[in-house]
Amino acid sequence: MCFSILQVPRCRIHTLANFCWGSSHSLNRTCDKIFRFRLLGSKANCLEGGYSKRWIKRPASTKTGGSSRTNQESKSTTIGHEILDETVSTRSTLSINKTEVSEFHRIPYCDIQQMIAQNKDITKFLTFIVFDIETTGFSRENERIIEIAFQDLQGGENSTFQTLVNPGRHVANSHIHNITTHMVCRSDVPRMEELIPILLQYVKSRQKPGGYVIFVAHNARTFDVPFLVNEFSRCHFEIPPNWLFVDTLPLARELLKLEGLKLTSGTSLDALCKRYNIQFVGKAHRAMADVTALSLVLQRLTFDLKLPLSGLIAKHFTPSDLTSVKKKK
DNA sequence: GGCCCTCTTTAGGGCCTT
């Protein structure tokens with residue numbers, strides 16, 4: 001499956017078409033040996049309240065400990081939890097070194113704006129990940145994330161990542177996503193502080209050396225990203241500086257405006273799926289189903305807006321942009 | 001909470017996210 005190709009004659013314009021769903025990237029290649037969880041085979045049981053497709057119940061273990069580089073004393077604890085993923089067909093191992101996590105902030109990254117200006121092959125430095133979260137409510141201050149899904153648009157092995165998250169509290173809005181307290185408030189479902197190192201390592205396994213990761217979500221600016229930033233902060237982690245975010249909601253608004261339609265015509269993910277005749281795989285308002293749908297909506301939106309890759313990247317924002325907006329007020 | 005629109009800007013309501 002490929003993104004639509006937008007081409008301008010005699011101009012070299014990079015588009016999402018460059019990110020095809022087929023290349024392979026093994027988690028095994030980039031891992032160390034301190035934190036560890038396992039993604040098991042794909043033929044497993046369906047999850048309670050999950051998808052109609054082959055959702056996988058994956059027992060996993062996480063080893064936490066000190067740095068192998070500094071030879072500090074290592075304390076290992078095993079945390080059983082379930083990682084839900086639909087695409088991994090072979091047994092693979094992802095290990096995480098906590099020192100390595102802290103070094104995310106020391107990697108020198110390329111100047112993306114300069115590369116666009118110089119028309120360099122920016123696709124060599126970019127990873128596009130569509131993501132979605134399910135939460136216990138709307139308030140980033142008071143509510144918690146209970147499910148996260150990532151999909152690397154490059155495709156290939158391990159291109160999707162999905163997990164439930166233990167919020168340590170009652171889930172009052174199960175009627176929205178069908179995720180119940182019983183499903184997440186369990187010792188074998190990871191808490192956010194346990195999950196973040198795994199997420200960081202997963203994303204690192206997908207990114208290119210010295211490159212940026214573009215995270216795309218619907219209403220990312222006012223919901224998903226502030227939630228993510230808040231959870232990282234609460235768990236004493238920082239969003240890596242090479243993580244950039246793009247919100248598809250303004251793209252949808254821009255398109256309706258271009259077509260002379262009122263915004264009340266619908267800019268929700270549901271409305272966009274109906275517009276493009278995209279069917280949800282599984283139930284809407286489950287993270288992976290929404291991610292899959294948004295991945296398809298994204299290619300249609302960029303096609304309709306005639307938006308080249310550089311134009312999409314130009315719409316990015318960072319967590320510090322959100323902070324500066326807050327400070328101004 | 002941010003963005004957009006309008007019966008507007010010294011405001012208010014609706015949409016979008018769960």
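In what follows, chains are A, B, ... by sequence order, proteins preceding strands, each numbered from 1.
- Nucleotides dT10(B) and dC15(B), compared at atom P, are 25 Å apart to the nearest Å.
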### Task
Show the numbers, then the answer: is there a side chain to side chain contact (heavy atoms under 4.5 Å, CB included) between Glu134(A) and Asp290(A)?
CA-CA 10 Å; Glu134(A) 302 302 321; Asp290(A) 286 0; 3.7 Å; yes
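- dT17(B) and dA11(B) have their P atoms separated by 28 Å, given to the nearest Å.
- Here Asp132(A) lies in heavy-atom contact (under 4.0 Å) with sugar-phosphate atoms only.
- Spacing between atom CZ of Phe223(A) and atom P of dT18(B) amounts to 6 Å, rounded to whole angstrom units.
- Rounded to an integer number of Å, the gap from CG of Leu269(A) to P of dT17(B) is 6 Å.
- Going from the C1' atom of dG13(B) to that of dT8(B) covers 12 Å, rounded to whole Å.
- Rounded to an integer number of Å, the gap from CG of Asp321(A) to C1' of dG2(B) is 14 Å.
- Among residues two or more places apart in sequence or in another chain, the side-chain contact (heavy atoms from CB on, under 4.5 Å) test is passed with Cys185(A) by Asn166(A), Pro167(A), Thr181(A).
- Listed by chain and residue number, nothing satisfies the salt bridge (charged side-chain N to carboxylate O under 4.0 Å, His left out) test with Arg191(A) (two or more places apart in sequence, or in another chain).
- Annotation: dC7(B) and dG12(B) have their C1' atoms spaced 10 Å apart (nearest Å).
- Taking atom CD of residue Glu254(A) and atom P of nucleotide dC3(B), one finds them 14 Å apart after rounding to whole Å.
- Asn219(A) has its CG atom 12 Å from the P atom of dC4(B), to the nearest Å.
- Side-chain nitrogen and oxygen atoms of His285(A) include at least one within less than 4.0 Å of the OP1 or OP2 phosphate oxygen of dT18(B).
- In this structure, the CZ atom of Arg140(A) is 18 Å from the P atom of dC16(B), given to the nearest Å.
- Taking only side-chain nitrogens and oxygens, Thr267(A) comes nearer than 4.0 Å to OP1 or OP2 of dC16(B).
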Anything under 3.5 Å between a donor and an acceptor, one on a side chain of residues 248-255 of chain A, the other on a protein residue two or more places apart or in another chain? List them.
| from | atom 1 | to | atom 2 | distance (Å) |
| --- | --- | --- | --- | --- |
| Thr248(A) | OG1 | Ala217(A) | O | 3.4 |
| Thr248(A) | OG1 | His218(A) | ND1 | 2.7 |
| Glu254(A) | OE1 | Lys315(A) | NZ | 3.3 |

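- Residue side chain Thr222(A) reaches the base of dG1(B) through a donor-acceptor N/O pair under 3.5 Å, judged by distance alone.
- Mapping Arg253(A) and Leu249(A) onto DNA chain B by nearest heavy atom places Arg253(A) at the nucleotide closer to the 5' end.
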Which pairs, protein N/O on one side and nucleotides 11-13 of chain B N/O on the other, fall under 3.5 Å?
none

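- Considering only residues two or more places apart in sequence or on other chains, Ile176(A) meets the side-chain contact (heavy atoms from CB on, under 4.5 Å) condition with Asn173(A), His285(A).
- For Asn230(A), there are no side chain to side chain donor-acceptor pair (under 3.5 Å) partners at least two apart in sequence or on another chain.
- Among the atoms of the strands shown, only primed sugar atoms or phosphate atoms (P, OP1, OP2) are found under 4.0 Å from some heavy atom of Ile133(A).
- Of the N and O atoms on the side chains of Tyr202(A) and Asp152(A), not one donor lies less than 3.5 Å from an acceptor on the other residue.
- Following rounding to the nearest Å, Phe131(A) (CZ) and dT18(B) (P) show an atom-to-atom distance of 11 Å.
- A donor-acceptor contact under 3.5 angstrom links the side-chain atoms of Asn173(A) to the base of dT18(B).
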Under 3.5 Å between N/O atoms: give me all the protein pairs with nucleotides 5-7 of chain B, atom names plus distance.
none

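- At whole-Å resolution of the value, CG in Asn230(A) and C1' in dT18(B) are 15 Å apart.
- Listed by chain and number, the residues in a ring pair (Phe, Tyr, Trp, His ring centres under 6.0 Å) with Phe215(A) are Phe131(A), Phe150(A), Trp243(A), Phe245(A) (sequence neighbours excluded).
- The salt bridge (charged side-chain N to carboxylate O under 4.0 Å, His left out) check on Lys257(A) picks up nothing, with sequence neighbours excluded.
- Taking every side-chain heavy atom of Ile176(A) into account, dT18(B) is the closest of dT18(B), dC16(B), dG2(B).
- Straight-line distance between the P atoms of dT18(B) and dT6(B): roughly 26 Å, to the nearest whole Å.
- Side-chain atoms of Gln279(A) and Lys274(A) include no donor-acceptor pair closer than 3.5 Å.
- Between the side chain of Asn142(A) and the backbone N or O of Ser139(A) there is no donor-acceptor pair closer than 3.5 Å.
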